[in-house]
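Each chain gets a letter, A, B and so on, in the order the sequences are listed, and its residues count up from 1. Everything quoted here is computed from the prediction, not taken from an experiment.
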Amino acid sequence: MLDPQLLRRDLDRVAEALARRGFALPRERLRAIEARRKAFQTEVERLQAERNARSKAIGIAKAKGEDPSGLLAEVAGLGERLQGLERELAEVLREWEAIALEIPNLPHESVPLGRDEQDNRELRRFGEPHTFSFPVRDHVELGARKGWLDAETAARLSGARFTVLRGELARLHRALAQFMLDLHTREHGYLEVNTPLLVLPEVMQGTGQLPKFEADLFAVAGEPRRYLIPTAEVTLTNLVRERILSAEELPLRLTAHTPCFRAEAGSYGKDVRGMIRQHQFEKVELVQIRRPEDSYAALEEMTGHAEEVLRRLGLPYRLVALCTGDLGFASAKTYDLEVWLPSQNRYREISSCSNCEAFQARRMQARFRDPASGKSEYVHTLNGSGVAVGRALIAVMENYQNEDGSITVPEVLRPYLGGVERIA
RNA sequence: GGAGAGGUGGCAGAGUGGUUGAAUGCGCCGGACUCGAAAUCCGGUAUACGGGUUUUCCCGUAUCGAGGGUUCGAAUCCCUCCCUCUCCGCCA
């Protein structure tokens, strides 16, 4: 959520900034609601003050043993009038909030202007795409050879867009996740966290999935309604919801390896093949909770942590700054990491690192106390994939494939596979 | 899932309808005393929103697990829900 003050006082500037990311702010509607809000609130508070003063006088009169009936007559009808106005005020506030919750974050000034993916800006590349002396196979072919990767069986269990992994490939998948967690906890200073996978609606609202993107989520039957997390960003970030942290607790660096569940109806061309886009996948997530003045340095740092995963795996990738039009709902600035996929002869997203500034913090009521001023202030929240495990598996398979269909195990993963150098 | 107990400020813990945003203690901050510290004493110590001066500040409103109700007035009475603890059942 944006700062309500900003929305009240600087509506035109907000509208201009949001237009850069392709969002049309319902300016006139907000202005009208705001005018009503102000009128109702002023009147409600005036009547409340009157009621309080008179009630107090009644109390005093009674304590002195005086007859309060005259005073009682004066307040007759006040309660009902107040109640009516209070209801109207509540209704106006609800209306305002419903709109405010669907307004995306303001893009940071450094975000390149653009309409869609085409306008994203490549910042750097790492590694050279390997040239193969034989026709490359994609991960689906490579996985089919030994029954390692099986979409058909998965479909029988769960429908389209699920995968069964078996044998050495399942093990390699596990090794990747372990490697990432170890790297981030041992070398990058993250605290490993194991979180619930089902969360309440208000938690989804905190990070921005609700109310706008309910269609992307899986909900579970039962009371209260719970949702499967689409990313551990949801649980890791909400760890600080409704808290006022002390300054010494910051920064927080948190990581978790979890399954992620996404409903995301609709097809994406080539991605229906294989395990690029699934309803369920695994990811190692990075989250940082920061003081506002540190958050952009933290974004660079965290992106570096995700990059380090790909570097150590020896996977060629490039770093891209998303343009205003491609930015996620809650993000003020996002870097994507795209890994080289030989079968597609192009780079594909494997990580996304965002600074949400105070957007999520405001929804979650996550603050810290600034020792200098003694005041509480919203924290800044950042999240990044470090990295998507399923896609990392695909990248390893395709980039490390051999002519016979076997796959060389990247050196850093061998300790996790009992020293095995290739799976065949 | 069943039975019982309980949810009050950073913590502990009073408070069963009235000048209560809330006693008291602890903690924390500032000051006094001291060469310094401890002890002692004095003062301060929630959050959000709105309004005024928009820098220290002042005023109003709301908040005692959440929501609703009764009342001129609710931490206190009533209803619904949530959570925690104890015991039983079930379960990896």
Side-chain angles (χ1 to χ4, degrees), chain A residues 1-11 30-101 194-206 220-227 238-250 259 358-379:
Chain A
M1 191 147 78
L2 299 180
D3 182 355
Q5 303 291 351
L6 207 60
L7 231 33
R8 273 197 264 271
R9 292 180 186 156
D10 254 329
L11 198 56
L30 279 169
R31 248 194 267 279
I33 292 171
E34 169 60 9
R36 289 177 60 215
R37 190 224 100 223
K38 202 163 183 171
F40 279 123
Q41 184 162 341
T42 311
E43 183 61 7
V44 162
E45 290 187 358
R46 217 205 80 231
L47 287 178
Q48 283 172 331
E50 189 181 329
R51 180 203 59 197
N52 290 346
R54 288 177 191 260
S55 292
K56 199 178 241 182
I58 291 169
I60 292 169
K62 277 193 157 179
K64 285 183 185 159
E66 294 166 6
D67 175 20
S69 56
L71 290 168
L72 280 168
E74 285 178 31
V75 278
L78 203 153
E80 272 169 51
R81 246 194 322 148
L82 191 53
Q83 201 166 48
L85 281 170
E86 277 173 344
R87 273 190 230 282
E88 295 208 58
L89 177 62
E91 182 49 42
V92 172
L93 289 175
R94 252 198 305 280
E95 218 179 306
W96 191 90
E97 199 192 18
I99 296 177
L101 282 173
N194 190 290
T195 75
L197 305 177
L198 286 166
V199 298
L200 299 167
E202 55 265 37
V203 171
M204 286 294 184
Q205 181 171 303
V220 168
E223 264 310 306
R225 192 182 188 79
R226 281 184 253 261
Y227 296 88
N238 274 283
L239 249 27
V240 298
R241 73 179 287 111
E242 287 161 44
R243 291 242 297 133
I244 300 178
L245 302 159
S246 68
E248 304 87 72
E249 290 178 80
L250 298 177
F359 187 86
Q360 295 176 323
R362 223 172 270 119
R363 290 170 162 247
M364 297 187 300
Q365 291 299 308
R367 290 167 290 203
F368 76 102
R369 196 170 301 284
D370 185 351
S373 65
K375 300 264 184 211
S376 65
E377 200 181 332
Y378 289 115
V379 295

Could you give the CD1-to-P distance, from A/I58 to B/G17, as a whole number of Å?
18 Å
Can you check the distance between B/G73 and B/U63, where both ends of the measurement are the P atom (answer in whole Å)?
13 Å
Partners of A/L198 by side-chain contact (heavy atoms from CB on, under 4.5 Å), sequence neighbours excluded?
A/V220, A/R226, A/L228
Take atom NZ of A/K64 and atom C1' of B/G18, then tell me their distance rounded to the nearest Å.
14 Å
Which letter, B, S or -, goes with each nucleotide of nucleotides 60-66 of chain B from 5' to 3', with contact meaning a protein heavy atom under 4.0 Å?
BSS----
My understanding is that a pair needs two contacts under 3.5 Å, Watson-Crick or G-U wobble. By that rule, which nucleotide pairs with B/G4?
B/C85
Of all heavy-atom pairs linking A/A100 and A/L7, the shortest is CB-CD2, 4.5 Å
Write down the partner of B/C72 under the Watson-Crick or G-U wobble criteria, each distance required to be under 3.5 Å.
B/G18
Taking OP1 and OP2 of B/U47, is either one under 4.0 Å from a side-chain nitrogen or oxygen of A/R369?
yes
Within-4.5 Å side-chain heavy-atom neighbours: A/R31 and A/L11
yes
According to ring-ring contact (aromatic ring centres under 6.0 Å, His included), who are the partners of A/F359, at least two apart in sequence or on a separate chain?
A/F329
Output all residues satisfying side-chain hydrogen bond (donor to acceptor under 3.5 Å, both in side chains) with A/T195, sequence neighbours left out; order by chain, then residue number.
A/T235
When both distances are under 3.5 Å in a Watson-Crick or G-U wobble arrangement, the nucleotide paired with B/U34 is none
Of the options B/U19, B/C72, B/G50, whose atoms approach the side-chain atoms of A/V75 most closely?
B/C72
Establish, with yes or no, whether the OP1 or OP2 oxygen of B/G10 is under 4.0 angstrom from a side-chain nitrogen or oxygen of A/S246.
no
Under a 4.0 Å heavy-atom cut-off, which of residues 81-97 of chain A touch RNA chain B?
A/R87
What integer distance in Å separates A/R225:CZ from B/C82:P?
17 Å
A/Q41: which residues meet the side-chain hydrogen bond (donor to acceptor under 3.5 Å, both in side chains) condition with it, sequence neighbours left out?
A/R37, A/E45
Please determine, for B/G9, whether a Watson-Crick or G-U wobble partner exists with both distances under 3.5 Å, and give it or none.
none
Taking only the P atom of each, what is the distance from B/C33 to B/A37 in whole angstrom?
12 Å
Rounded distance in Å - CE (A/M1) to C1' (B/A48):
12 Å
Going by heavy atoms in the side chains, are A/F40 and A/E86 under 4.5 Å from each other?
no
Interatomic distance at C1', B/C85 relative to B/C79, whole Å
24 Å
Taking a pair as Watson-Crick or G-U wobble with both distances under 3.5 Å, which nucleotide is matched to B/G60?
B/C49
Considering only atom P, compute the distance from B/C42 to B/C83 and round it to an integer number of Å.
45 Å
Distance, C1' atom - from B/G15 to B/U20, rounded to whole angstrom:
9 Å
Collect all protein-nucleotide pairs involving nucleotides 51-55 of chain B in which both atoms are nitrogen or oxygen and the distance is under 3.5 Å.
from: B/G51; atom 1: OP1; to: A/K38; atom 2: NZ; distance (Å): 3.2

Using only atom types and a distance under 3.5 Å, with no angle test, would you say the side chain of A/R363 pairs donor to acceptor with the backbone of A/Q205?
yes
Set of residues satisfying salt bridge (Lys or Arg N to Asp or Glu O under 4.0 Å) with respect to A/E91, sequence neighbours excluded
A/R94
To the nearest angstrom, how far is A/L200 atom CG from B/C81 atom P?
17 Å
If each of A/R8 and A/G59 is mapped to the nucleotide of RNA chain B with the nearest heavy atom, which maps nearer the 5' terminus, i.e. the 5' end?
A/G59
Protein-nucleotide distance (A/R243, atom CZ; B/G10, atom C1'), rounded to Å
12 Å
My understanding is that only residues two or more places apart in sequence, or in another chain, count here; which of them pass side-chain contact (heavy atoms from CB on, under 4.5 Å) with A/E66?
A/A61, A/K64
Nearest-Å distance once atom P is located in both B/A23 and B/A14:
14 Å
Separation between the C1' atoms of B/A39 and B/G65, rounded to whole Å
40 Å
Could you tell me which residues satisfy side-chain contact (heavy atoms from CB on, under 4.5 Å) with A/L47, sequence neighbours excluded, listed by chain and number?
A/E43, A/E50, A/R81, A/L82, A/L85
Heavy-atom distance under 4.5 Å between the side chains of A/Q360 and A/M1, does that happen here?
no
Pick the C1' atom in B/A5 and in B/C59, then give their distance to the nearest Å.
44 Å
I want to check one thing: is the phosphate of B/U47, taken as OP1 and OP2, less than 4.0 Å away from some side-chain N or O of A/Q365?
no
For A/K56, which contact category applies under a 4.0 Å heavy-atom criterion: base, sugar-phosphate, or nothing?
sugar-phosphate
Without decimals, in angstroms, what is the distance between A/E377 CD and B/A48 P?
11 Å
Residues passing the side-chain contact (heavy atoms from CB on, under 4.5 Å) test with A/Q5, sequence neighbours excluded, are A/D3, A/R8, A/R9
Can you check the A/I244 CD1 to B/G9 P distance for me, whole Å?
13 Å
With A/E95 via salt bridge (Lys or Arg N to Asp or Glu O under 4.0 Å) - residues at least two apart:
A/R36
Checking base pairs now: Watson-Crick or wobble, both atom distances under 3.5 Å. What partners B/U80?
B/A66
